[in-house]
Amino acid sequence: LLYRNAGNTRPVGRTFDGEAILGHRACLAGRGPQTVNDIRRFGAKALKSPTQSEVNYRSIVIFPLVVDRNGNQKVRGFLSVDATVPYAFYGNRGRKLIVNAEPIIQQLQALL
């Protein structure tokens, strides 16, 4: 908790079912970045978070983190970037974010 954002009120150390987490679902869909333009299209379940009572974002880009061990590639986690407005990453904005984040994603994957 040393580097935790002091303004962040999300609880820590909570056990939860990860099946409904958008990041988990995006990683199951493939190893490339996934963009959700408006989470409301997933229904009421997507508007609740296991780590906070309500979701405060509407659009999200999810980057699966893939690790290569002895020629076997496996998704080991994900990085997400979210915005409070829908369609924040639509079109060129999303593509620019994905391209600019690529070196960061590669560094994170190397650390895993």
Side-chain angles (χ1 to χ4, degrees):
L1 297 177
L2 267 180
Y3 303 103
R4 187 178 172 98
N5 175 350
N8 191 334
T9 59
R10 292 180 179 178
V12 295
R14 182 181 289 180
T15 302
F16 57 88
D17 177 15
E19 290 294 320
I21 294 177
L22 287 178
H24 174 75
R25 294 170 78 180
C27 290
L28 290 175
R31 295 184 173 141
Q34 302 285 327
T35 302
V36 177
N37 290 316
D38 190 347
I39 65 164
R40 287 190 177 177
R41 73 184 181 119
F42 287 100
K45 193 170 186 177
L47 299 174
K48 294 287 183 187
S49 169
T51 57
Q52 65 187 40
S53 60
E54 296 209 15
V55 172
N56 63 355
Y57 56 86
R58 290 281 303 276
S59 55
I60 188 168
V61 178
I62 300 165
F63 299 88
L65 301 175
V66 180
V67 176
D68 188 334
R69 299 254 163 75
N70 301 323
N72 185 21
Q73 290 190 340
K74 189 171 185 177
V75 176
R76 302 298 293 184
F78 63 90
L79 173 77
S80 63
V81 178
D82 59 61
T84 57
V85 296
Y87 291 88
F89 308 112
Y90 183 76
N92 283 335
R93 288 182 302 220
R95 285 189 281 280
K96 285 181 182 179
L97 172 65
I98 291 167
V99 168
N100 288 329
E102 190 173 322
I104 297 166
I105 300 302
Q106 289 176 353
Q107 286 292 317
L108 289 172
Q109 291 175 149
L111 293 171
L112 295 175

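Atoms considered below: every heavy atom in the structure, side chains included; atoms not considered: hydrogens, waters and symmetry mates. Since the model is a prediction, treat every value here as computed from it, not as a measurement.
- Listed for the Arg31 side chain is a donor-acceptor partner under 3.5 Å among the backbone atoms of Gln73.
- Between Ile62 and Ser80, the closest side-chain pair of non-hydrogen atoms falls below 4.5 Å.
- The salt bridge (Lys or Arg N to Asp or Glu O under 4.0 Å) pairs that include a residue from residues 66-76 number zero, where partners must be two or more places apart or lie in different chains.
- Not one N or O on the side chain of Thr35 forms a donor-acceptor pair closer than 3.5 Å with the backbone of Val61.
- In this view, Arg95 and Asn92 satisfy the side chain to side chain donor-acceptor pair (under 3.5 Å) rule, not counting sequence neighbours.
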**Study point:** Worked check of side chain to side chain contact (heavy atoms under 4.5 Å, CB included) between Arg58 and Val85
**Key:** CA-CA 5 Å; Arg58 290 281 303 276; Val85 296; 5.7 Å; no

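- Both Phe78 and Ile39 belong to a common hydrophobic cluster when Ile, Leu, Val, Met, Phe, Trp and Tyr are linked at side-chain heavy-atom distances under 4.5 angstrom.
- The minimum heavy-atom distance linking Ala26 with Gln34 is given by the pair CB-CG, 3.7 Å.
- By the 4.5 Å side-chain criterion applied to Ile, Leu, Val, Met, Phe, Trp and Tyr, Tyr90 is assigned to a cluster that also includes Tyr87.
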Less than 3.5 Å apart, which donor and acceptor atoms pair up between the side chains of residues 98-112 and the rest of the protein, not counting sequence neighbours?
unit_1 : atom_1 : unit_2 : atom_2 : d
Asn100 : ND2    : Lys96  : O      : 3.2
Glu102 : OE2    : Gln106 : NE2    : 3.4
Gln109 : OE1    : Val66  : N      : 2.8

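- Listed here is the closest heavy atom pair of Pro64 and Cys27: CB-SG, 3.8 Å.
- Leu79 and Val36 fall into different hydrophobic clusters, where Ile, Leu, Val, Met, Phe, Trp and Tyr are joined by side-chain heavy atoms under 4.5 Å apart, directly or via other members.
- Ser59 and Asn37 make their closest contact through CB-O, 3.3 Å (heavy atoms, listed as atom of the first residue, atom of the second, distance).
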